[in-house]
**Q** 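Here's a structure for you.
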Amino acid sequence: METESEPYVRLASLRQLHQVMADMNTARSLADTLQTVADGVVTALGYELACVNLVRPDGDLVVAAFSGNPAAEALITGRVGSRESWERRLNMGETWGDLVFIPHTEGWILDDDDVPQWFTEGPAPRFEDEWHPADRLFAPMYAPGGQGGPHGELLGVLSVDRPRNGRRPGAWGREALQMYAFQAAIAISNAHLRSNMQRALVRLEREQQALRASEESFRQAFEYAPSGMAIAEMGGDQHGRILRTNDALCRLLGRPAAAMRRYSFSDLVHPEDIGTLLRTSAEGGRAELRLGRRDGTYVWVSLRNSVVADAADGPRFLLTHVEDIEERKRRELQLAHRASHDSLTGLPNSAELRARLSARLCQRPPGHPGELESVDAAYGHPAYDAGGHGFDFRPGADPYDGYDHHVHTVAPESEHDDGTKGLAVLFCDLDGFKSINDRFGHNAGDAVLIEVARRLSRGVRDGDTVARLGGDEFVILADGLGRADAQDLAVRLRNEIIQPIRAEGRAVRVGASFGIGWAHCGMTADEVLKSADERMYVEKRSRPKQHRRAG
């Protein structure tokens with residue numbers, strides 16, 4: 001490559017460069033990788049000398065590999081240069097992309113620093129771009145990934161000298177050296193990773209040997225337990241990583257034992273249950289949460305942790321007992337759903353509606369003296385009392401002291417749309433429903449209620465609440481609406497409801513009257529619902545009877 005004129009580069013040279021890059025990525029050890037990096041500069045990039053200066057854990061740089069001159073290699077290999085001196089070199093001279101070139105006219109001030117270096121003899125340059133024996137060219141090698149600065153963490157510096165063509169490298173030569181340094185950094189990072197992996201495998205083998213030395217009775221209890229069991233690392237960087245699982249846990253999660261060793265429980269837990277897992281104490285902790293199966297579903301389990309020591313002063317492991325509680329949780333959720341939802345329509349029932357509404361309202365209206373600013377979301381506080389908040393009602397205590405994380409619910413002040421957005425409460429009563437029950441029976445009436453519930457749910461936004469208050473009365477909670485928005489919503493929902501409904505083989509119609517109330521802090525849920533109910537009756541009486549009937 002050194003004999004070629006830029007920008008003409010022989011294909012053979014590119015193949016040679018590709019080969020040395022492949023060689024340094026297949027070296028068996030870190031030392032072999034470093035030597036391959038140095039040799040590749042000499043064999044493929046056209047320099048007579050190359051040196052790899054590797055960053056040590058303390059930050060200084062050690063000459064880790066040398067190529068091109070055995071005498072120079074024996075002189076400086078293993079010697080250390082301070083990070084301060086290297087930083088000085090990398091911040092002076094000319095920058096060629098990521099390369100640093102220090103011409104002989106400036107480099108003389110570096111002759112006495114502590115960076116290991118070699119000196120070559122040679123004549124003074126005869127033309128402008130001829131290489132001077134005192135010229136210096138450095139290619140910093142940065143870790144991939146962008147951490148530690150604009151280029152990533154500095155892994156080392158590649159020093160090169162004496163181009164074989166006797167000239168300073170041109171655009172192609174600079175680009176090739178810069179690309180080579182980038183690939184060398186990747187190879188060195190991979191070598192570090194392989195070295196760390198080998199140490200981790202050695203440590204894992206020692207841990208497995210310690211586990212195999214456990215009493216046979218424990219092994220039998222672990223392997224053949226009817227419920228899931230796992231052993232995980234305790235302490236250190238790998239805390240919580242699963243080391244061993246029994247057949248019952250593998251069957252429960254549908255994952256082979258080899259795959260389980262790639263995870264910790266924090267990798268398998270449902271995202272909503274991470275907090276529960278973190279709050280579980282490592283020693284004797286217990287939690288109920290969901291773990292992910294291989295097919296993407298989740299199963300409810302009870303986790304119980306205990307600590308097992310291999311010997312008096314040996315390693316400590318976390319023994320986790322995993323019990324399948326999916327069936328119990330399903331029954332609990334079904335009971336909870338039945339308690340909070342209407343059995344006919346599946347909508348939230350009256351109790352659930354009041355709970356959701358109360359969770360948005362506090363007992364003091366906006367502007368209460370001593371009110372604290374809040375940055376939490378409206379649904380971000382616990383529901384401890386009727387208003388959904390943790391007030392302190394002990395004698396002598398300020399009941400609002402604990403009320404630090406609430407965003408007040410406000411309502412539009414004017415009967416006209418003034419731009420204020422609030423929590424609209426739409427009270428819906430069906431018109432003509434009783435006549436359907438009387439004429440066609442309750443089965444037809446139930447079919448109408450189910451279809452009305454479906455149309456209301458379809459007509460609102462995600463996050464809005466549609467509830468059945470009882471009988472033929474429904475309530476919609478829609479947050480963030482102005483007065484005009486709420487009125488438009490009521491019109492759209494009424495137009496949906498009045499469309500024909502198939503019930504017991506016939507088409508029937510019902511009408512709907514809507515009353516719009518507004519929830520704001522200082523009101524109770526019952527007061528809000530009563531206000532919307534009254535407005536609904538005002539609206540119902542204001543329309544001619546023939547416009548209210550089902551038809």
Side-chain angles (χ1 to χ4, degrees), residues 1-2 6 9 13-27 30-56 59-68 76-77 81 83 85-102 107 115-118 131 135-164 168-193:
M1 183 179 296
E2 69 279 359
E6 294 180 328
V9 180
S13 299
L14 294 178
R15 287 174 175 166
Q16 189 176 32
L17 180 60
H18 172 76
Q19 182 60 49
V20 298
M21 289 183 178
D23 290 343
M24 68 185 178
N25 280 289
T26 56
L30 177 60
D32 289 345
T33 299
L34 297 174
Q35 189 60 52
T36 305
V37 169
D39 293 342
V41 175
V42 174
T43 59
L45 293 182
Y47 295 91
E48 294 184 11
L49 301 173
C51 174
V52 178
N53 303 274
L54 187 67
V55 176
R56 304 192 310 180
D60 293 339
L61 280 76
V62 61
V63 178
F66 195 97
S67 183
I76 68 172
T77 299
R83 183 63 173 261
S85 295
W86 272 108
E87 292 288 353
R88 182 184 183 193
R89 289 176 176 233
L90 297 179
N91 286 294
M92 63 180 294
E94 304 174 14
T95 56
W96 297 346
D98 286 340
L99 306 179
V100 175
F101 174 72
I102 303 177
V115 172
Q117 51 193 337
W118 63 92
W131 185 267
D135 287 342
R136 293 175 171 88
L137 180 56
F138 303 121
M141 296 179 292
Y142 298 100
Q147 298 179 354
H151 300 94
E153 179 185 1
L154 182 67
L155 295 179
V157 179
L158 192 59
S159 303
V160 301
D161 194 12
R162 294 173 58 180
R164 288 196 177 91
R168 296 177 183 178
W172 159 248
R174 300 175 188 180
E175 184 70 21
L177 179 58
Q178 181 171 307
M179 178 181 63
Y180 186 83
F182 176 78
Q183 294 297 327
I186 294 176
I188 292 171
S189 295
N190 290 339
H192 277 301
L193 290 175

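Start at 1 with the first residue, then count along the sequence. These figures come from a predicted structure and were not determined experimentally.
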**Q** Looking only at heavy atoms, what is the nearest atom pair of P140 and A181, with distance?
**A** O-CB, 3.9 Å

**Q** Ignoring hydrogens, what is the shortest heavy-atom contact between A38 and A65? Give both atom names and the distance.
**A** CB-CB, 4.2 Å

**Q** To the nearest 0.5 Å, what is the distance between CG on N190 and CG on L30?
**A** 11.0 Å

**Q** If I compare all heavy atoms of F66 with all of C51, which pair ends up nearest, and what's the gap?
**A** CD1-CB, 3.9 Å

**Q** With no hydrogens and no angle check, is any side-chain donor or acceptor of E94 less than 3.5 Å from a backbone partner on I102?
**A** no

**Q** Is the closest side-chain donor-acceptor distance between W131 and D161 under 3.5 Å?
**A** yes

**Q** Set out, in order, the CA-CA distance, both residues' side-chain angles and the distance that settles side chain to side chain contact (heavy atoms under 4.5 Å, CB included) for L158 and V52, then state yes or no.
**A** CA-CA 5 Å; L158 192 59; V52 178; 3.7 Å; yes

**Q** To the closest 0.5 Å, what do you measure between CD1 (I188) and OG1 (T36)?
**A** 10.5 Å

**Q** Starting from the C-alpha separation in whole Å, work towards a yes-or-no answer on side chain to side chain contact (heavy atoms under 4.5 Å, CB included) for L45 and V160.
**A** CA-CA 10 Å; L45 293 182; V160 301; over 6 Å; no

**Q** Rounded to the nearest 0.5 Å, how far does CD of E87 lie from CG of N91?
**A** 6.0 Å

**Q** If we only count heavy atoms from C-beta on, is the V41 to S67 side-chain gap below 4.5 Å?
**A** no

**Q** Do other residues, nucleotides or ligands put more than 12 heavy atoms under 6.0 Å from the CZ atom of F182?
**A** no

**Q** At what distance, to the nearest 0.5 angstrom, does CZ of R136 lie from CD of Q117?
**A** 5.0 Å

**Q** Short question: side chain of Y47, backbone of S159 - any donor-acceptor pair under 3.5 Å?
**A** no

**Q** Check the pair E153, V55 against side chain to side chain contact (heavy atoms under 4.5 Å, CB included), reporting the backbone distance first and the verdict last.
**A** CA-CA 10 Å; E153 179 185 1; V55 176; 6.0 Å; no

**Q** Taking N53 for its side chain and V62 for its backbone only, find out whether a donor-acceptor pair lies under 3.5 Å.
**A** no

**Q** So, the side chain of R174 versus the backbone of W96: is there a donor-acceptor pair under 3.5 Å, distance only?
**A** no

**Q** Please check this pair: side chain of Q178 against backbone of D98, looking for a donor-acceptor N/O pair closer than 3.5 Å.
**A** yes

**Q** How far apart are the closest heavy atoms of R168 and D135, and which atoms are they?
**A** NE-OD2, 3.8 Å

**Q** Provide the closest heavy-atom pair for T33 versus A191 in the form atom of the first, atom of the second, distance.
**A** OG1-CB, 3.8 Å

**Q** In sequence, state the C-alpha distance, the side-chain angles, and the governing distance for M141 and L54, and then conclude on side chain to side chain contact (heavy atoms under 4.5 Å, CB included).
**A** CA-CA 9 Å; M141 296 179 292; L54 187 67; 5.9 Å; no

**Q** Which heavy atom of A139 sits nearest a heavy atom of L177, and at what distance?
**A** CB-CG, 4.1 Å

**Q** Under 6.0 Å from the six-membered ring centre of W86 and within 45° of its axis: does the NZ or CZ of R83 meet both?
**A** no

